[in-house]
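Worksheet for the structure shown next.
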2 protein chains.
Amino acid sequence: MTHQRNVLRSLAALAVAAACAFGLSTASRADEGMWTYSHPPTKLIQKRYGFTPSQAWLDHLRLSSVRIGGGSGSFVSPEGLILTNHHVARMYLQQLSTPEHNYVDDGFYAKTEAQELRVPGAMIEVLTSMKDVTGDVDSAVKTGDTAAQAQQAREAKIAELEKACREGTGLRGDVVKLYGGARYMLYRYKEYTDVRIVMAPEEKAAYFGGDADNFYYPRYDLDFSFLRVYENGKPAHTPEYLKVDPAGVTDGMPIFVSGHPGRTDRLDTLAQLEFLRDVSYPALLDRLKGMDSVLTAYSHKGAREAQEAQSYIFFVHNSIKALTGEYEGLRDPALTAEKARQEKNLRAAVAGNPKLAHYENAWKQIEKSVAWERDHFKEITYEGRAPGAYGLSGVALRILRYSEEVNKPDGQRLNGYHDAQIPGFMRRLKAARPYYKGMDAALLAHDLTVLRDKLGAGNAFVKALLDGKTPARRAEEVMGGTRLDDASYRASLLVNKGSAVKSCKDPLIAFVRLMDPTLRRVDRAVKDHVEAVVQPALTQIANAQFAVYGDDVYPDATGTLRLAFGVVKGYAFDTSEVPYKTTFYGLYNRAYSFDNKGDFQLSKMEELRRDQLDLKTPMDFVCTGDITGGNSGSPIVDREGKLVGLVFDGNPQSNPNTFVYSEKVARCVAVDTPAILQALNKLYGASRVAGELTAAAR
Amino acid sequence: MTHQRNVLRSLAALAVAAACAFGLSTASRADEGMWTYSHPPTKLIQKRYGFTPSQAWLDHLRLSSVRIGGGSGSFVSPEGLILTNHHVARMYLQQLSTPEHNYVDDGFYAKTEAQELRVPGAMIEVLTSMKDVTGDVDSAVKTGDTAAQAQQAREAKIAELEKACREGTGLRGDVVKLYGGARYMLYRYKEYTDVRIVMAPEEKAAYFGGDADNFYYPRYDLDFSFLRVYENGKPAHTPEYLKVDPAGVTDGMPIFVSGHPGRTDRLDTLAQLEFLRDVSYPALLDRLKGMDSVLTAYSHKGAREAQEAQSYIFFVHNSIKALTGEYEGLRDPALTAEKARQEKNLRAAVAGNPKLAHYENAWKQIEKSVAWERDHFKEITYEGRAPGAYGLSGVALRILRYSEEVNKPDGQRLNGYHDAQIPGFMRRLKAARPYYKGMDAALLAHDLTVLRDKLGAGNAFVKALLDGKTPARRAEEVMGGTRLDDASYRASLLVNKGSAVKSCKDPLIAFVRLMDPTLRRVDRAVKDHVEAVVQPALTQIANAQFAVYGDDVYPDATGTLRLAFGVVKGYAFDTSEVPYKTTFYGLYNRAYSFDNKGDFQLSKMEELRRDQLDLKTPMDFVCTGDITGGNSGSPIVDREGKLVGLVFDGNPQSNPNTFVYSEKVARCVAVDTPAILQALNKLYGASRVAGELTAAAR
């Protein structure tokens with residue numbers, strides 16, 4: 001499934017060139033592109049499908065689309081009802097589960113509004129408006145600035161623009177860097193912070209086929225769930241919502257996808273792709289496999305531990321399968337050859353044009369920067385990343401940094417601690433969500449072991465962190481003694497600009513205090529040698545492309561709202577044909593073909609209520625829309641803007657789309673709307689939700 | 001499907017080294033090998049599955065197995081009832097169809113014994129005994145014989161042995177060359193010549209998924225049919241038959257396959273494989289694609305033409321798909337590398353052993369012969385093969401040659417015209433089976449066009465055949481005027497050793513009379529430069545292998561009865577898992593996933609009687625048994641010798657098995673017995689057949 005694969009990537013950001021990579025692609029051909037709503041591909045859609053989306057059509061779709069953490073969703077009723085994937089809401093379901101109620105395994109259905117369950121710390125966002133601020137950001141840079149100074153000046157200006165947005169409109173503003181910095185957009189968001197769970201199927205039904213079938217097709221998954229946003233304790237009024245079409249898709253139907261693709265590297269330079277292939281991907285996969293072992297061992301300790309680790313293991317497996325697919329794509333010589341061809345053509349066009357010739361240096365700058373990264377990869381990877389960063393260690397580090405950063409002028413702070421970002425920061429850290437100290441200790445011990453093995457026991461950073469103890473002992477010590485899993489304790493440290501942190505004796509705070517100077521030093525070096533060099537080079541390449549190909553191009557994905565388009569369509573694969581859709585018949589076939597065992601076991605309701613189903617009902621389908629991780633939960637609409645499907649995955653052939661789009665066999669995988677209604681009505685008796693959808697669609 | 005792909009191959013035999021290729025393989029590992037019943041792999045089976053088949057067990061399975069043209073089958077009742085594939089009986093169904101009754105499309109069921117339909121010209125054979133005659137054959141060669149003389153002497157001895165068998169036992173005897181001539185076996189056959197059709201499903205049910213799903217898995221095909229052999233106008237008494245187990249297979253169950261694999265090239269030398277890859281396969285695929293165009297155009301002329309061409313098109317598509325798969329395998333550098341490795345090891349072992357060192361010359365001899373073939377490929381291909389050989393042209397050529405050969409001493413005749421072979425020859429030529437002159441003319445015109453284009457209009461052979469006319473005109477002339485489609489006319493030409501042929505003015509006889517001297521000249525050249533050189537070289541290599549690896553090896557397939565073994569087992573493919581079996585649910589899923597259209601349309605009975613089916617019933621399954629083309633219709637039995645499945649295809653990954661066996665993903669695809677019973681009872685109301693199976697299994 002295509003949710004969140006970029007989340008882990010962003011954690012490893014310091015280590016991978018990808019973090020500052022971008023792209024810019026000519027899109028004259030094919031159902032290609034993750035287009036911004038400020039620059040929609042209306043001409044291309046008209047050319048390919050004889051339909052020109054109006055501004056009202058576009059505004060309606062954008063305002064009906066929502067961002068949910070690393071995933072997507074859409075409003076499907078005027079009372080704040082949201083449709084997204086089960087696997088997007090999965091973390092919420094686990095968070096609310098108790099020893100008595102496992103909502104991941106058993107599903108959840110609120111028969112009444114009163115039973116809808118609030119998720120602490122959750123937030124859902126709607127992109128309300130967009131403004132080009134390229135001129136403002138660029139004007140901050142003064143003639144004669146060094147690259148590092150220019151970078152700093154832009155960061156300060158961005159913080160200022162975001163702060164002014166909050167103060168002027170009450171809305172959060174994010175300045176989004178597109179085309180590697182050739183364009184800056186201020187995106188304003190409405191934030192919903194009262195998020196409740198309405199309905200979710202059993203995980204066996206949502207994730208039928210498990211890890212084997214993940215990133216695969218044909219599929220037989222009911223990967224949907226319903227959330228609702230509230231305001232002032234009541235369902236929010238959301239007049240912009242999508243009407244659900246109970247008929248779903250037909251073969252060959254043009255469709256549109258509105259969602260939040262996380263990251264693509266479509267037009268990384270060849271040097272960057274080779275670095276990803278040779279260095280970043282192998283290291284990242286190695287790390288994930290290490291985490292997998294630790295988490296699996298932890299989950300075997302008992303039922304409680306298994307439940308705690310469930311979502312994390314799910315996420316790690318999902319990431320391994322996605323990244324393995326991308327890595328395979330990167331190692332395909334045809335892909336590298338195609339990249340080399342594109343790059344050669346652009347460089348030739350640049351070299352042949354006296355007005356552009358000065359851009360030629362950009363590729364060389366990037367090559368130089370990549371060479372520096374290769375030379376410093378070990379340091380970047382093992383001294384630039386906080387051990388145990390995902391769990392409470394990460395919380396501790398954020399609290400420590402808050403206490404330091406918030407006392408500096410806004411323009412000089414680390415990103416994440418600017419004034420405009422503080423409300424979200426506070427909400428996340430103060431939310432009463434569960435932490436699992438035992439699991440965090442196991443992961444921290446593993447990270448410390450890797451650090452020691454890679455850097456050597458004599459390394460100063462390793463010695464400081466281990467404090468003369470074994471990794472396991474040290475991890476138990478700091479995790480066992482910390483109180484940071486208590487929301488009120490966290491809140492107490494955050495009052496008065498974190499003044500209590502300095503003298504705080506919490507062992508985890510003390511532990512991250514030991515590591516932060518090293519982390520900051522490496523971060524600074526990467527900023528100076530990579531970001532400060534690469535960003536202006538990429539901006540130049542982007543401008544070269546505008547000059548050569550015109551501006552009818554889309555930027556690489558950045559986790560912000562995009563519009564993709566395409567058509568419902570099967571494909572040839574291996575020596576046979578893959579159909580455009582599947583049916584409930586196929587679910588029962590695949591289950592019984594594996595003797596209804598393991599990952600292919602039917603859910604309880606699927607077994608109990610089979611006879612109530614019309615088995616011919618379409619279940620999942622594929623289309624050519626250009627998506628990637630982060631698009632999970634995206635609505636798929638028809639020309640009339642009606643919701644006909646719900647993105648939840650890509651087929652294996654779509655993995656190399658991170659680097660090169662292919663329409664021939666790469667497909668977006670979605671749940672068909674008839675399957676959602678069939679499941680609500682026949683499997684789960686969720687008539688309240690089905691009724692709300694039907695009424696809203698009238 | 002794996003029926004008959006070798007038939008076309010054998011037609012192109014003159015052109016391909018494969019015709020005299022052979023193999024010999026060590027089989028210490030894996031579920032590998034198509035073993036002879038005279039040398040069964042009992043130790044290997046014991047080692048892998050803890051079961052030692054007794055001689056009685058082996059005899060029973062052998063005597064229950066039958067050969068049906070290019071396919072296989074088995075007795076399933078003591079009254080001569082035979083289970084085979086629908087696609088093995090397909091040609092029979094077409095042969096008996098009329099404008100009113102299309103038994104291919106609509107299926108066939110004889111409600112009473114009296115309704116069982118006799119198939120003119122059909123024959124079914126049972127291997128009753130085997131005798132090693134290597135010494136007899138080798139003793140015919142005299143010291144000092146040239147290679148060509150030795151070849152001739154062996155052929156004469158073989159004809160003598162076959163004739164003696166017929167005269168001594170009344171049974172037909174075939175001397176079978178194994179291990180490239182290192183072993184000769186006399187196989188004695190009981191022949192059944194009264195063959196009737198009992199029951200066949202609709203083709204849409206038997207061949208669901210059509211060409212797309214052919215050689216594919218998962219599959220949802222009811223590819224079975226029932227025939228019955230008669231003696232003296234009554235059902236034959238067949239006390240050796242297999243009991244059908246209605247429970248079918250389970251995951252991991254050891255299984256045994258008894259059938260007639262047509263051809264493998266497992267241990268061709270590298271030089272031979274490279275020739276197949278570079279020359280034979282491209283040429284053969286080219287030819288098939290040409291035939292496909294001609295047949296498709298012909299079938300578009302009208303309903304009658306479509307019905308006439310139906311089986312032929314089916315066969316050509318099947319061959320294209322199979323050969324394309326094999327060709328892909330051949331072009332896989334890993335396959336060639338593996339072959340090179342095996343050959344290098346054997347040659348090193350030979351070179352290092354003074355007793356074997358003289359064998360080293362064998363590979364060089366083969367290389368020399370392959371070089372000759374490369375040099376003469378055009379001549380061999382276009383002057384060594386009768387144009388239009390499949391249809392009435394082939395009939396004419398056989399009648400002409402009969403009239404010449406049968407007047408020579410038995411030992412000097414062309415193969416196919418020896419005394420022992422004459423009864424079968426007569427039966428086939430005199431059978432009142434339909435010929436389609438329009439279709440034959442179209443194919444002949446195409447072949448003549450290709451000849452002219454490849455050899456040039458000035459070529460003597462081309463000039464003689466075209467006789468100053470266009471290919472189309474010439475083909476119409478000879479086909480329009482011939483009476484050879486009339487069985488009684490054919491019979492009249494065959495009386496009195498074909499004495500009437502010499503003065504026969506039938507235009508098709510006259511036409512083949514023009515071509516035969518050239519065909520014979522090329523045939524002679526190939527025998528002298530290829531067969532006479534390659535055969536002794538291959539015999540030496542085989543003996544070298546016996547010396548190095550011992551005799552626990554199996555010979556390459558030769559269309560004779562073999563025993564394979566393995567286990568019921570799914571496999572990992574692409575990024576997911578393929579199950580060991582499918583169910584009827586899957587049939588309906590795949591149909592409705594394609595909106596019940598085209599090759600994925602349900603049969604009439606599958607639509608009408610769906611509600612009567614238990615959809616959980618297993619349909620098809622896969623196992624590791626080592627099979628190839630010709631195994632279609634083979635029974636799959638369990639340890640107790642009960643029939644649990646019916647071979648009908650291989651998955652795409654099994655295509656390279658022609659050259660190298662792989663257990664990892666290559667699979668044999670079979671119909672599960674519960675599907676056969678479910679279809680008989682619930683879809684087709686064929687209670688008489690189901691009852692006979694059940695009674696016989698008691």
Side-chain angles (χ1 to χ4, degrees), chain A residues 209-220 250-252 320-322 324-325 328 570 572-600 610-611 614-622 650-655 665 672, chain B residues 209-220 250-252 320-322 324-325 328 570 572-600 610-611 614-622 650-655 665 672:
Chain A
D211 192 48
D213 277 2
N214 195 10
F215 293 105
Y216 203 72
Y217 183 79
R219 285 286 275 290
Y220 311 96
T250 54
D251 199 7
I320 289 174
K321 198 152 185 189
T324 302
E328 282 301 316
F573 179 63
D574 197 18
T575 65
S576 189
E577 296 288 328
V578 180
Y580 76 98
K581 72 174 177 194
T582 65
T583 71
F584 280 80
Y585 276 121
L587 166 69
Y588 291 98
N589 175 62
R590 197 152 169 84
Y592 291 119
S593 291
F594 285 100
D595 294 326
N596 199 17
K597 282 181 189 161
D599 282 343
F600 302 98
R610 179 184 44 180
D611 291 344
D614 176 357
L615 296 173
K616 241 187 289 192
T617 307
M619 201 158 190
D620 298 337
F621 69 90
V622 276
N651 69 354
Q653 292 75 35
S654 74
N655 274 320
V665 289
D672 209 350
Chain B
D211 191 49
D213 278 1
N214 195 9
F215 293 103
Y216 203 72
Y217 183 79
R219 284 287 274 292
Y220 312 94
T250 53
D251 199 6
I320 290 174
K321 197 151 186 190
T324 302
E328 282 300 316
F573 179 62
D574 195 20
T575 65
S576 188
E577 296 288 328
V578 180
Y580 77 97
K581 72 174 177 194
T582 65
T583 71
F584 279 81
Y585 276 120
L587 166 69
Y588 291 98
N589 175 61
R590 197 152 169 84
Y592 291 119
S593 291
F594 285 101
D595 294 327
N596 198 19
K597 281 182 188 160
D599 283 342
F600 302 98
R610 179 185 44 181
D611 291 345
D614 176 357
L615 297 173
K616 242 187 289 191
T617 308
M619 201 159 192
D620 298 337
F621 69 90
V622 276
N651 69 353
Q653 292 75 35
S654 73
N655 274 321
V665 290
D672 209 351

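Letters A, B, ... are given to chains in the order of the sequence lines, protein chains preceding strands, and every chain is numbered from 1. No hydrogens, no waters, no symmetry mates; every other heavy atom, side chains included, goes into these values.
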Between A:Y585 and B:Y585, how do the two ring planes meet: parallel, tilted or perpendicular, split at 30° and 60°? tilted
Can you classify the ring geometry of B:F573 versus A:F573 as parallel (below 30°), tilted (30 to 60°) or perpendicular (above 60°)? tilted
Return the option, out of B:D251, B:D574, B:D211, with the maximum number of heavy-atom pairs under 4.5 Å with chain A. B:D574
Where on B:L587 is there a heavy atom nearer than 4.5 Å to chain A: the side chain, the backbone, both, or neither? neither
Give, as side chain, backbone, both or neither, the part of B:Q653 having an atom under 4.5 angstrom from any heavy atom of chain A. side chain
For B:E577 and A:R590 the tightest heavy-atom approach is O-NH2, 2.9 Å
Go through the structure and list residues passing salt bridge (charged side-chain N to carboxylate O under 4.0 Å, His left out) with A:D595, not counting sequence neighbours. B:K581
With a 4.5 angstrom heavy-atom cut-off, could you sort out which part of A:F621 is near chain B: side chain, backbone, both or neither? neither
Donor-acceptor check, side chain of B:S576 to backbone of A:A212, threshold 3.5 angstrom: yes or no? yes
Using the rule given for side-chain contact (heavy atoms from CB on, under 4.5 Å), can you reason through A:T583 versus B:Y588, listing the C-alpha separation, both sets of side-chain angles and the distance that settles it, and then say yes or no? CA-CA 9 Å; A:T583 71; B:Y588 291 98; over 6 Å; no
B:N589 vs A:M619, test: side-chain contact (heavy atoms from CB on, under 4.5 Å). Steps then yes/no. CA-CA 10 Å; B:N589 175 61; A:M619 201 158 190; over 6 Å; no
Can you name the residues that form a side-chain contact (heavy atoms from CB on, under 4.5 Å) with A:T617, not counting sequence neighbours? A:F584, A:D614, A:P674, A:Q678
